[in-house]
Amino acid sequence: MIKKELIIIGSGAAGLTAAIYASRAGLDFSVIERYPLAGGQIVNTSEVDNYPGFIRTTGAELSQKLREHAEDCRTDFITDCVSKIKKQSDRFEIKGEKETYYSKTVIAACGAARKKLGVKGEDRLSGSGVSYCAVCDGAFFRGRTAAVIGGGNTAAEEALYLSKLAKKVYLVHRRDKLKANKALQSRLHSAENIQTVLNCSLAEIIGDHKVEAIEVKRNGVSEVIHTDGVFSAIGISPESGLLQGLAQLDEYGFAIAGEDCKTSAEGLFAAGDIRSKPLRQIVTAAADGASAVLSAEKYLNG
Ligand SMILES: Cc1cc2nc3c(=O)[nH]c(=O)nc-3n(C[C@H](O)[C@H](O)[C@H](O)COP(=O)(O)OP(=O)(O)OC[C@H]3O[C@@H](n4cnc5c(N)ncnc54)[C@H](O)[C@@H]3O)c2cc1C
């Protein structure tokens, strides 16, 4: 039976930073990650230019550095997918697919995943032209056409990344203005092969066995845009299913916790993108990882 003082679920920026701080605090802890490779969302991020100390890097490089740092702190990494957390009198029972773990405290650093588009054709053509990650699937669109759906920073980054591979990229947004920051918008304007399509909502993804086109609607009028790929970049949903019924979640499913990362369940802390907060970035995920350990340590010390 694995019994710990602290179990950290997830090895993204929040979980790996929590591991570094837990090691410094001398806690008996493990990190449980469902994938063999630690790093979370940043593994698939092409360019990162806003993490302090790294003027320009890639997500893969930054996640490797974070992982190496956590390994250097003798982090015990367990590859398992947690399916349930139960609160018992003075500890948590954490059910994984391979093993059941017991711990006095838990830091849920499970992050978030891309939202689905929710239109006809999406599920059927997922993996056949419909994608949720340009860095993962962009190479399939070399010399072809791709459409990115969304108007925020992630959508802009995905369109810019694809513009280096595809011959033409459509950036389709339902509003009349993009939400992406000014720096990204100016890069979008300079990219000759990106066409921004505003005031258009996606109605359907068309194709028999692979994506052939999208149907968009502007003021109720349909228009068909031919494309080989569709990339969803309309936001993220928290991976908070494990916390349902255990801790309070907000209307979007993010765990309600303050800067101290304390959830409504004593001994359970939420760090990183899973937490209800105004800014979801690597730097704020890392900050949460550190704060969550401090709170867990205080809880353990009574
Ligand atoms: C395309 C894209 C570009 C971005 N660019 C930037 C950028 O340039 N700069 C920036 O600061 N931020 C950027 N972000 C945001 C940033 O990546 C996130 O805010 C940050 O990585 C969140 O870290 P996290 O540790 O909270 O979660 P995640 O990175 O999502 O990690 C969560 C981990 O938990 C694991 N997990 C989940 N559920 C379970 C379970 N049940 N059992 C076991 N393991 C589980 C997951 O596998 C994952 O490894 C970008 C995001 C995207 C999608």
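Small disclaimer: the values here were computed from a predicted structure and weren't measured. The figures here come from the full heavy-atom set of this structure, side chains too, leaving out hydrogens, waters and symmetry mates. Atoms within a ligand are numbered from 1 in the order they appear, just like the ligands themselves.
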_Just to be sure I read this right, does ligand 1 sit under 4.0 Å from the backbone of T154, its side chain, both, or neither, counting only heavy atoms?_
side chain
*asked:* Give me the nearest non-hydrogen protein atom to atom 8 (O) of ligand 1 as residue plus atom name, then the distance to 0.1 Å.
replied: E47 O, 3.6 Å
*Do E33 and R67 meet the salt-bridge criterion of a basic N to acidic O distance under 4.0 Å?*
no
*Taking only Lys NZ, Arg NE, NH1 and NH2, and the carboxylate oxygens of Asp or Glu, determine whether D288 and K277 approach each other closer than 4.0 Å.*
yes
*Geometric N/O contact I9 with ligand 1, under 3.5 angstrom*: no
*A112 heavy atoms, cut-off 4.0 Å: which ligand 1 atoms fall inside?*
30 (O)
*Taking the side chain from N153 and the backbone from N181, do they hold a donor-acceptor pair closer than 3.5 Å?*
yes
*Atom indices of ligand 1 within 4.0 angstrom of G40 heavy atoms, with elements*: 29 (O), 31 (O), 48 (C), 49 (O)
*May I ask you to check whether over 12 heavy atoms, not counting those of L279, lie within 6.0 Å of atom CG?*
yes
_Can you confirm if the NZ or CZ of K168 lies within 45° of the ring axis of Y170 and under 6.0 Å from the centre of its six-membered ring?_
yes
_Minimal non-hydrogen separation, V283 against P52, with atom names_ = CG2-CD, 4.0 Å
*In the single-linkage hydrophobic clustering (I, L, V, M, F, W, Y; side-chain heavy atoms under 4.5 Å), do F141 and I149 co-cluster?*
no
*Using a distance-only test with no angle check, is there a side-chain donor-acceptor pair under 3.5 angstrom linking S264 and Q248?*
no
*Could you see which bit of A109 sits under 4.0 Å from ligand 1, with heavy atoms only: side chain, backbone, both or neither?*
backbone
*Distance from atom 44 (N) of ligand 1 to nearest protein heavy atom, with residue and atom*: R34 N, 3.2 Å
*May I ask which of V82, D49, D273 has a heavy atom nearer to atom 41 (N) of ligand 1 than the others do?*
V82
_Does only the side chain of A285 get under 4.0 Å from ligand 1, or the backbone, or both, or neither? Count heavy atoms._
side chain
*Does Y35 approach ligand 1 within less than 4.0 angstrom via side chain, backbone, both or neither, non-hydrogen atoms only?*
side chain
_Atoms of ligand 1 close to I282 [distance to a heavy atom under 4.0 angstrom, numbered from 1]_ = 9 (N), 10 (C), 11 (O), 12 (N), 16 (C), 19 (O)
*Could you tell me the residue and atom name of the protein heavy atom closest to atom 6 (C) of ligand 1, and the distance to it rounded to 0.1 Å?*
T45 CG2, 4.2 Å
*Got the closest protein heavy atom to atom 27 (O) of ligand 1, with its distance?*
G111 CA, 3.2 Å
*May I ask you to identify the nearest protein heavy atom to atom 13 (C) of ligand 1, giving residue, atom name and distance to one decimal place in Å?*
Q281 NE2, 3.7 Å
*asked:* Can you tell whether the side chains of K116 and E122 come within less than 4.0 Å, N to carboxylate O?
replied: no
*Examine the proximity of ligand 1 to N50 and report which part, side chain or backbone, both or neither, has a heavy atom under 4.0 Å away.*
side chain
*May I ask you to decide whether E158 forms a salt bridge with R114, counting only side-chain N to carboxylate O separations under 4.0 Å?*
yes
_same_hphob_cluster(I32, L27) at 4.5 Å side-chain heavy-atom cutoff_ = no
*Which residue holds the protein heavy atom closest to atom 1 (C) of ligand 1, what is that atom called, and what is the gap in Å?*
R114 NH2, 3.1 Å
*Should you measure from each heavy atom of G272, which atoms of ligand 1 turn up under 4.0 Å away?*
26 (O)
*Could you find the nearest protein heavy atom to atom 34 (O) of ligand 1 and give me its residue, atom name and distance?*
G10 CA, 3.2 Å
*Give the numbers and elements of all ligand 1 atoms closer than 4.0 Å to a heavy atom of E157.*
3 (C), 4 (C), 5 (N)
*Counting each atom of ligand 1 from 1 as listed, which ones have a heavy atom of L242 under 4.0 Å away?*
41 (N)
*Taking distance alone, with no angle check, do A14 and ligand 1 share an N/O pair under 3.5 Å?*
yes
*Looking only at non-hydrogen atoms, which of Q41, E97, E158 approaches atom 30 (O) of ligand 1 most closely?*
Q41
*Tell me: protein heavy atom nearest atom 49 (O) of ligand 1, and distance?*
E33 OE1, 2.6 Å
_Please classify the A134 to ligand 1 contact at 4.0 Å (heavy-atom distances, strictly less than): side chain, backbone, both or neither._
neither
*For ligand 1, which atoms sit closer than 4.0 Å to a heavy atom of I42?*
17 (O), 21 (O)
_At under 4.0 Å between heavy atoms, is it the side chain or the backbone of D80 that contacts ligand 1, or both, or neither?_
backbone
*Can Y101 and D80 be counted as having a side-chain donor-acceptor contact under 3.5 angstrom?*
yes
*For V283 and ligand 1, does the shortest N/O to N/O distance drop below 3.5 Å?*
no
_Quick check on contacts: which atoms of ligand 1 are under 4.0 angstrom from a heavy atom of C81?_
42 (N)
*Compute whether any side-chain donor of one residue and acceptor of the other, for S295 and D260, lie under 3.5 angstrom apart.*
no
*Tell me whether the guanidinium CZ or amine NZ of R280 lies under 6.0 angstrom from the six-membered ring centre of F254 and within 45° of its axis.*
yes
*asked:* With side-chain hydrogen bond (donor to acceptor under 3.5 Å, both in side chains) as the test, pick out the partner of Y102 among Q88, R91, K3, E93.
replied: E93
*Counting only heavy atoms not in K164, do more than 12 sit closer than 6.0 Å to its NZ atom?*
yes
